**Q** 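Please read through the structure below; I'll follow up with questions.
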Amino acid sequence: MKITFPDGNVREYENGLTSVQIAESISEGLARNVLSATVNGEMWDATRPIDEDATIKFHTWKDSEGKYAFWHSSAHLLAEALEALFDNVKFGIGPPIENGFYYDIDTGDTILTPEDFTRIEKKMLELAQQKNEFERKEISKADAIAYFKEKNDTYKLELLEDLEDGTITFYTQGEFTDLCRGPHIPHTGKIKAIKVMSLAGAYWRGDETRKQMTRVYGITFPKQKELKEYLELLEEAKKRDHRKLGQELELFMFSEKVGSGLPIWLPKGTQIRERLQNYLRQEQEKRGYKMVVTPHIGGKDLYVTSGHYAKYGEDSFQPIHTPREGEEFLLKPMNCPHHCEIFGHRPRSYKELPLRIGEFGTVYRYEQSGELHGLSRVRGFTQDDAHIFCTTEQLKDEFLDVLELTTQVLEKMGFDDFTAQISLRDPDNPEKYIGSDENWDAAEAAIIDATKEVDMETVTELGEAAFYGPKLDFMIKDALGRKWQLGTIQVDYNLPDRFELEYIGSDNQAHRPVMIHRAPFGSMERFMSILIEHTAGKFPLWLTPEQFVLIPVDNKFAPYCEEMKARLAQHDIRGFVDDRNETIGKKIRDNELKRIPLLLIIGENEINAGGVSVRQQGGEDLGAMSVESFVEWFNAQL
RNA sequence: GCCGAUGUAGCUCAGUUGGCCAGAGCAGCUGAUUUGUAAUCAGCCGGUCGGGGGUUCGAGUCCCUUCACCAGCUCCA
């Protein structure tokens, strides 16, 4: 048979050789490292015989496919260990994930606890050392059902219901057999380092009306050292957690009395927030946005009209009432209905379009208690919201302009690792959405076309649209790799319909505008959380609350420091004097921990020279400078 | 909302099988020290052990309940 390699080379091999054997013909090292292979475009076990001409690509620990197989096999190993250690364990699914793998299990009356972890790890290691091969077997549906009936594995039986006879495979390693598509690594002995990470509840098949199983998370590595490094990386990531840094740097707080999920911005956090807002305000002003301010509550009818009440009425903060008249108001969960009222409050001419109405609008949404998470998921937050009312002809250019603004914001913050996600409606659940198919088709096409036009790399998710329209969402990961939606751009034909918005065209006829909802930051809260985690609290110079601290070597130099502070203030450089009665070492340490970017040391020498000595956060010493050269250097850093 | 864990001073944490006035470091305050690039020294202050209820001669330790927080699931206009 002819085997074609990724580099285009073709070599002749005897029929029936496995990927491992083929790898052996190239190098022993490769054969040892190969974990799985892509054979004719399909993911295969490296130990599966190939008996026809094929293209082949080997996968090792270095690529994601190799890791996928490694962790998938590790999930089986975990299951084998659990079955050996506990009676009557029923198994759900056990896939690899981005970092490791999990297995969903039903342990009946037994409750697993973290105390069991060591025991499980030991058992897994013991089984791994047996170097059991993963044996693949094609099996008939009837036999597969019989096997799991015998085992009383009800979840596997349910999974089998959806599978077609003739496509079903079993994998066996040691004493454990699982329903599985594969591929798997050659044998368990490749797994050298094992850590059971955590336990969590997970609904069977992601359905909250069904049984909650126990999800056991784990991670494994081919080398002990890699596990150690991974755990250290996790520790480092935890130090960047915005909840921890937010407290340490006094950026924001929560109060049980104020209420959970209701962040309180402290002075330093507020400074950063306002600088972010000012930056965006300027950008928007350049682009012709007009700012507005609307109330935090709105009459219930407003949301009945918008459709929010029907969709979220039960699941939102309940209406508040005027005591005498009994009128009903809702805390606003969105700004768009208010902005629609602004558009509709007087006749509009096509000459006014596109009308771009912006607001840093604070909204309140009831989020389930289990969802609240620092600043990332809260019940009260401020959107950097704007609504663009335009004609269908203008839609594309407006969308592109917003797209450009949004990517510019991400760039400015140095967030280069984002995913642009096109969130479309779920074709199987049309009842979740308002408006006509025509409206939806047009809106979805607008987003898809615009991203194509600028060659933006996107992923598409069905069912992630808002109920009134599709979205282009910008997803960013936090320190621990969890994905969050920041910026969003939404095309909406439906709310203009609902609010019966009209403009008079050049033809003197009434026309319906299209609406773009957009928020480049998303919300100030969530944006801040990501900003904190990405910078580890070392904010860019232009954003940081305090750019420098002046540290007198001796407090008798404090008056000179105050003068220096005033001089720098004239150049819009902000900071403070640390004239506490402490040693210089202590002051340096404290201000380093506060992430002050520039530590300016003042002593006899500096005073005589009329300058400052500059130490950058992190320890780099730039030496003595005159005030003029410091200002120049500083401005070059911005 | 669900599952599991956690909750002791402003922060980080000790507190043995329930048993004398609940401890430490940092922070804070007071004083001494006057400092040249990541912690000067001493003294003092500070907690009804998340809240409520119960068991017990006795509860930070055990039980119930409630709240908050953490991990994940579900949800996310």
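On a predicted model such as this, the values are computed, not experimentally measured, just so you know. All chains are named by letter (A, B, ...) in the order of the sequence lines, taking the proteins before the strands, and each is independently numbered beginning at 1.
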**Q** Suppose you measure atom C1' in B:C73 against the same atom in B:C13; what distance do you get, rounded to whole Å?
**A**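 Those two atoms are separated by 31 Å.
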**Q** Mind calculating the distance between CD1 (A:I219) and P (B:G72) to the nearest angstrom?
**A**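 It works out to 14 Å between those atoms.
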**Q** May I ask you to verify whether the side chain of A:Q368 and the base of B:U74 hold a donor-acceptor pair under 3.5 Å?
**A**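 Check passes, donor-acceptor contact within cut-off.
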**Q** A:E620 CD to B:U37 C1': how many Å, rounded?
**A**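 After rounding, the reported distance stands at 13 Å.
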**Q** Taking atom P in both B:G19 and B:C76, what distance in whole Å separates the two?
**A**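 My reading of the P atoms in B:G19 and B:C76 gives 50 Å.
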**Q** Taking the nucleotide of RNA chain B with the closest heavy atom to each, which residue, A:E464 or A:S198, is nearer the 5' end?
**A**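 The 5'-side residue here is A:S198.
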**Q** When you get a sec, tell me which of B:G72, B:A68, B:G36 is the closest nucleotide to the side chain of A:S260?
**A**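 For the A:S260 side chain, the nearest candidate turns out to be B:A68.
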**Q** Distance to the ring centre below 6.0 angstrom and angle to the axis at most 45 degrees; does that hold for A:K332 and A:Y364?
**A**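 Negative - A:K332 is either too far from the ring of A:Y364 or too far off its axis.
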**Q** Can you find an N or O donor on one side and an acceptor on the other, under 3.5 Å apart, linking the side chain of A:R377 with the base of B:C75?
**A**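 Indeed, a donor on one side and an acceptor on the other fall under 3.5 Å apart.
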**Q** Look at all strands and tell whether A:G619 reaches a base, only sugar-phosphate, or nothing, counting heavy atoms closer than 4.0 Å.
**A**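 No contact at all - A:G619 keeps every heavy atom at 4.0 Å or more from the nucleic acid.
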**Q** Only stems of 3 or more consecutive Watson-Crick or G-U pairs count here, both distances under 3.5 Å; name the ones for RNA chain B, or none.
**A**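 Stems for RNA chain B, defined as runs of 3 or more consecutive pairs: B:10-13 with B:23-26, B:28-32 with B:40-44, B:50-54 with B:62-66.
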**Q** Can you see if the side chain of A:H373 gets near the phosphate of B:C69 - specifically, an N or O under 4.0 Å from OP1 or OP2?
**A**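 Checking A:H373 against B:C69: no side-chain N or O falls below 4.0 Å of OP1 or OP2.
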**Q** Hydrogens and angles aside, do A:W484 and A:D478 bring a side-chain donor and acceptor to less than 3.5 Å of each other?
**A**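 Yes, A:D478 and A:W484 have a side-chain donor paired with an acceptor closer than 3.5 Å.
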**Q** For the P atoms, the ones on B:U8 and on B:U48, what distance do you get once it is rounded to whole angstrom?
**A**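 Comparing P positions in B:U8 and B:U48 gives a spacing of 13 Å.
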**Q** Using the C1' atom on both, measure B:U17 against B:G10 and round to a whole Å.
**A**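 One C1' to the other, the span is 34 Å.
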**Q** Between B:G36, B:A71, B:G4, which nucleotide gets closest to the side-chain atoms of A:I111?
**A**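 Looking only at side-chain atoms, A:I111 lies closest to B:G4.
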**Q** Measure the shortest side-chain to side-chain distance between A:L375 and A:F527 over non-hydrogen atoms and say whether it is less than 4.5 angstrom.
**A**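 Side chain of A:L375 against side chain of A:F527, heavy atoms only: no contact under 4.5 Å found.
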**Q** Given atom CE of A:M197 and atom C1' of B:G72, what is their separation to the nearest angstrom?
**A**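 Rounding to the nearest Å, CE of A:M197 and C1' of B:G72 are 13 Å apart.
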**Q** Would you please confirm or rule out a distance under 4.0 Å between OP1 or OP2 of B:U37 and any side-chain N or O of A:R589?
**A**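 For B:U37, neither OP1 nor OP2 has a side-chain N or O of A:R589 closer than 4.0 Å.
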**Q** Rounded to the nearest Å, what distance is computed from the CD1 atom of residue A:I607 to the C1' atom of nucleotide B:U34?
**A**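 Rounded to the whole Å, the gap is 14 Å.
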**Q** Taking the P atom in each of B:G25 and B:C21, what is the distance between them to the nearest angstrom?
**A**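 So the two P atoms sit 22 Å from each other.
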**Q** Quick one: label A:R215 by what it contacts on the DNA or RNA (base, sugar-phosphate, nothing), any heavy atom closer than 4.0 Å.
**A**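 Touches sugar-phosphate only.
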**Q** Starting from P on B:G72, measure out to CG on A:D478 and report it in whole angstrom.
**A**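 That distance rounds to 9 Å.
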**Q** Within this structure, what is the CE-to-P distance between A:M213 and B:U74, rounded to whole angstrom?
**A**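 These atoms are roughly 14 Å apart.
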**Q** Checking all strands, does A:E606 fall into the base, sugar-phosphate, or nothing category for heavy-atom contacts under 4.0 angstrom?
**A**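 Counting heavy atoms under 4.0 Å across all strands, the contact made by A:E606 includes a base.
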**Q** So, A:E546 and A:K268, do they make that salt bridge, N to O below 4.0 Å?
**A**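 Here A:E546 pairs with A:K268 in a salt bridge, since their nearest N and O are under 4.0 Å apart.
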**Q** Say we look at B:G53 and B:C45: how far apart would their C1' atoms be, to the nearest angstrom?
**A**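 Taking atom C1' in both B:G53 and B:C45, they lie 33 Å apart.
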**Q** If you measure only the distance, is there a donor-acceptor pair under 3.5 Å linking the side chains of A:E359 and A:T294?
**A**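 Side-chain D/A pair, A:E359 to A:T294: present.
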**Q** Answer with yes or no after comparing the ring centroid distance for A:Y468 and A:H517 against a 6.0 Å cut-off, counting only values under it.
**A**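 Ring centres of A:H517 and A:Y468 closer than 6.0 Å.
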**Q** Answer with base, sugar-phosphate or nothing: what part of the nucleic acid does A:D315 contact at a heavy-atom distance below 4.0 Å?
**A**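 Base, at least one base heavy atom under 4.0 Å.
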**Q** Could you report the tightest heavy-atom contact between A:D384 and A:F521, atom names first, then the distance?
**A**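 The pair with the smallest heavy-atom distance is OD2-N, 2.6 Å.
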**Q** Does A:R365 put a side-chain nitrogen or oxygen below 4.0 Å from OP1 or OP2 of B:C75?
**A**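 No, no such contact exists.
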**Q** How far, in whole Å, is B:G46 from B:C11 if one measures between their C1' atoms?
**A**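 Pairwise C1' distance, B:C11 against B:G46, rounds to 13 Å.
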**Q** Answer with yes or no whether A:R482 presents, from its side chain, a donor or acceptor under 3.5 Å of a partner atom in the base of B:A71.
**A**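 No, the side chain and the base share no sub-3.5 Å donor-acceptor pair.
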**Q** Would you please indicate yes or no on a ring centroid separation below 6.0 angstrom for A:F91 and A:Y103?
**A**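 Centroid distance A:Y103-A:F91: below 6.0 Å, so yes.
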**Q** Across the strands shown, which category fits A:S613 at heavy-atom distances under 4.0 angstrom: base, sugar-phosphate, nothing?
**A**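 Since a base atom lies under 4.0 Å of A:S613, the category is base.
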**Q** In this structure, is the centre-to-centre distance between the rings of A:F343 and A:H387 below 6.0 Å?
**A**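 Ring centres of A:F343 and A:H387 not closer than 6.0 Å.
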**Q** Between protein and nucleotides 9-17 of chain B, map the contacts as a letter string: B base, S sugar-phosphate only, - none, heavy atoms under 4.0 Å, written 5' to 3'.
**A** --S------
**Q** Pairing donors with acceptors under 3.5 angstrom, does anything connect the side chains of A:S423 and A:Q421?
**A**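 There is such a pair (donor and acceptor under 3.5 Å, judged by atom type) between the side chains of A:S423 and A:Q421.
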**Q** Using only modelled atom types and a 3.5 angstrom limit, is any donor from either the side chain of A:E208 or the base of B:C2 paired with an acceptor on the other?
**A**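 Answer is no: no donor-acceptor pair is held.
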**Q** Rounded to the nearest 0.5 Å, how far apart are OG1 of A:T110 and CG of A:D116?
**A**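 Nearest 0.5 Å value for the OG1-CG distance: 9.5 Å.
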**Q** Parallel, tilted or perpendicular, judged at 30° and 60°: which one describes the rings of A:H242 and A:H373?
**A**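 Judged by the thresholds at 30° and 60°, the geometry between A:H242 and A:H373 is tilted.
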**Q** Say whether, by atom type as modelled, one donor and one acceptor occur between the side chain of A:Y309 and the main chain of A:L302 under 3.5 angstrom.
**A**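 Judged by distance alone, no pair lies under 3.5 Å.
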**Q** Round to a whole Å and report the spacing from CD of A:E371 to C1' of B:C75.
**A**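 One finds 5 Å between C1' of B:C75 and CD of A:E371, rounded.
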**Q** Extract from the structure each pairing of a protein N or O with an N or O of nucleotides 24-27 of chain B at less than 3.5 Å, listing the distance.
**A**
residue : atom : partner : partner atom : Å
B:A27   : OP1  : A:K586  : NZ           : 2.5

**Q** Mapping A:E604 and A:E256 onto RNA chain B by nearest heavy atom, which one lands closer to the 5' end?
**A**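 Closer to the 5' end of RNA chain B: A:E604.
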**Q** Classify the nucleic acid contact of A:I584 as base, sugar-phosphate or nothing, counting any heavy atom under 4.0 Å across all strands shown.
**A**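 Since only primed, P, OP1 and OP2 atoms lie under 4.0 Å of A:I584, the category is sugar-phosphate.
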**Q** Does A:R215 make a cation-pi contact with A:Y102, if we ask for NZ or CZ under 6.0 Å from the ring centre and within 45° of the axis?
**A**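 Verdict for A:Y102: a cation-pi partner in A:R215.
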**Q** Could you give the distance from CG (A:L85) to OG1 (A:T107), rounded to the nearest 0.5 Å?
**A**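 Spacing of CG (A:L85) from OG1 (A:T107) equals 12.5 Å.
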**Q** Can you tell me, in whole Å, how much space there is between the P of B:G60 and that of B:U66?
**A**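 These two P atoms come out 22 Å apart once rounded.
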**Q** When all nucleic acid strands are considered with a 4.0 Å heavy-atom cut-off, which category describes A:Y102: base, sugar-phosphate, or nothing?
**A**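 The answer is nothing, as A:Y102 stays clear of every strand by at least 4.0 Å.
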**Q** Do the side-chain N or O atoms of A:T583 get closer than 4.0 angstrom to the phosphate oxygens (OP1, OP2) of B:U40?
**A**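 Yes, within the criterion.
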**Q** Nearest-Å distance, CD (A:E367) to C1' (B:C2)?
**A**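 Taking atom C1' of B:C2 as the reference, CD of A:E367 is at 16 Å.
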**Q** Under 4.0 Å between any heavy atoms, over every strand shown, what does A:Y468 touch: base, sugar-phosphate, or nothing? Just pick one.
**A**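 Sugar-phosphate only.
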**Q** At 4.0 Å (heavy atoms only), tell me whether A:G585 reaches a base, stays on the sugar-phosphate, or touches nothing.
**A**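 Counting heavy atoms under 4.0 Å across all strands, the contact made by A:G585 is with sugar-phosphate only.
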